[in-house]
Novice: 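My structure is below; once you've seen it, I'll send some questions.
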Amino acid sequence: DDLSPVIIYGKHNGVDFPTAQGTEGSLTFDLTEGVNTFEFYAKDVSGNVSDKIALSYINLDTVAPELSDIMPERSSILRDLTYKVSANSNELLSKVVLGGTEYPLDSKEKFEISQVQQVEGEYLVDLEAFDLAGNSTSIQLNFEIILKLLRIELVSIYTEDGNIFISGQP
């Protein structure tokens, strides 16, 4: 093996970085948020140049995902015990925790999860979304379920002695 001193040249995100010199060594970089790319090559004292080595996808993610188009909307009134919780994210998500239950998402930017409540009433449901790096954002959904007051299947209409009667069952 040739242990001649070399100078290491390269670029980080397209910008030249300080060179390193010697037979071995290390370089320290400050990664930037998002995708980082590197390109390295070495040149020895005789002028021989190595092949370039490229590292093209080193991702630094320290920012929590942002959710939009969240349903049900804040303080909304739902008319059914069955509903969907959905949202879009500004980045890929690995999972959502909804009301304490975890739902894996397999790297998706949007989700829709069917839910069922047992009774009418006001609800506060915790929602936490996780990106691929494990960063998370939490919100609390607040909505109310009010079923229709009149259920047509419990109403009967009939006539008697020229009068129209409407009768409801409890």
Novice: Could you go through the side chain to side chain donor-acceptor pair (under 3.5 Å) check for N36 and T32 one step at a time?
Specialist: CA-CA 7 Å; N36 289 264; T32 58; 3.1 Å; yes
Novice: Do other residues, nucleotides or ligands put more than 12 heavy atoms under 6.0 Å from the CG atom of D30?
Specialist: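 No.
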Novice: When Ile, Leu, Val, Met, Phe, Trp and Tyr are grouped by side-chain heavy atoms lying under 4.5 Å apart, directly or through other members, which residues fall in the same group as V49?
Specialist: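 Its cluster mates, by chain and number, are I7, Y9, Y41.
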Novice: Quick one: are F38 and I58 in side-chain contact, heavy atoms under 4.5 Å?
Specialist: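 Yes, close enough: below the 4.5 Å cut-off.
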Novice: Can you list every salt bridge (charged side-chain N to carboxylate O under 4.0 Å, His left out) pair that touches residues 90-106, not counting sequence neighbours?
Specialist: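 Sorted result for residues 90-106: K95-E102.
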Novice: Please state whether the rings of F29 and F40 are parallel, tilted or perpendicular, taking 30° and 60° as the class boundaries.
Specialist: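 F29 and F40: perpendicular rings.
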Novice: Share the residues that join L92 in a hydrophobic cluster, the rule being Ile, Leu, Val, Met, Phe, Trp or Tyr side chains under 4.5 Å apart at the heavy-atom level.
Specialist: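 Grouped by the 4.5 Å side-chain rule, L132 form the rest of the cluster around L92.
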Novice: Taking salt bridge (charged side-chain N to carboxylate O under 4.0 Å, His left out) as the definition, give me every residue that meets it alongside K43, ordered by chain and number, with sequence neighbours left out.
Specialist: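 Testing K43 for salt bridge (charged side-chain N to carboxylate O under 4.0 Å, His left out), a comparison that skips the adjacent residues, returns none.
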Novice: What pairs with D16 under salt bridge (charged side-chain N to carboxylate O under 4.0 Å, His left out), at least two apart in sequence or on another chain?
Specialist: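 Counting only residues at least two positions away or on another chain, D16 forms a salt bridge (charged side-chain N to carboxylate O under 4.0 Å, His left out) with K11.
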Novice: Sequence neighbours excluded, which residues qualify as salt bridge (charged side-chain N to carboxylate O under 4.0 Å, His left out) partners of K108?
Specialist: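 With sequence neighbours excluded, K108 shows a salt bridge (charged side-chain N to carboxylate O under 4.0 Å, His left out) to no residue whatsoever.
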Novice: Once salt bridge (charged side-chain N to carboxylate O under 4.0 Å, His left out) is applied, what residue pairs with a partner in residues 71-82 remain, sequence neighbours excluded?
Specialist: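 For residues 71-82: none.
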Novice: To which residues is V97 joined in a hydrophobic cluster, defined by side-chain heavy-atom contacts under 4.5 Å among Ile, Leu, Val, Met, Phe, Trp and Tyr, whether direct or through other members?
Specialist: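 Besides V97, the hydrophobic cluster comprises F130, listed by chain and residue number.
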Novice: Is there a side-chain contact between L98 and V125 (heavy atoms, below 4.5 Å)?
Specialist: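 L98 vs V125: side chains touch.
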Novice: Just so I know, are the side chains of P65 and L93 near enough to count as touching, which here means a heavy-atom distance under 4.5 Å?
Specialist: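 Yes; the side chains approach each other to less than 4.5 Å.
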Novice: Regarding E128 and S136, is there a side-chain donor-to-acceptor distance under 3.5 Å anywhere?
Specialist: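 Note: E128 and S136 side chains meet the donor-acceptor criterion.
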Novice: So which pairs with a foot in residues 134-145 pass salt bridge (charged side-chain N to carboxylate O under 4.0 Å, His left out), sequence neighbours left out?
Specialist: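 Every candidate salt bridge (charged side-chain N to carboxylate O under 4.0 Å, His left out) pair involving residues 134-145 fails, so no pair, neighbours aside, qualifies.
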Novice: Less than 4.5 Å apart, any side-chain heavy atom of L81 and any of L147?
Specialist: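 With C-beta onward as the side chain, the pair touches.
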Novice: Does Y83 have any ring pair (Phe, Tyr, Trp, His ring centres under 6.0 Å) partners at least two apart in sequence or in another chain, and if so, which?
Specialist: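 Y83 satisfies ring pair (Phe, Tyr, Trp, His ring centres under 6.0 Å) with F143 only.
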Novice: Output all residues satisfying ring pair (Phe, Tyr, Trp, His ring centres under 6.0 Å) with Y57, sequence neighbours left out; order by chain, then residue number.
Specialist: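 Scan of Y57 (ring pair (Phe, Tyr, Trp, His ring centres under 6.0 Å), adjacent residues dropped) gives none.
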Novice: Taking side chain to side chain donor-acceptor pair (under 3.5 Å) as the cut-off, I'd like each qualifying pair that reaches into residues 61-72, sequence neighbours left out, listed once.
Specialist: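 Listed once each, the pairs are E33-T62, D61-N135, D69-N88.
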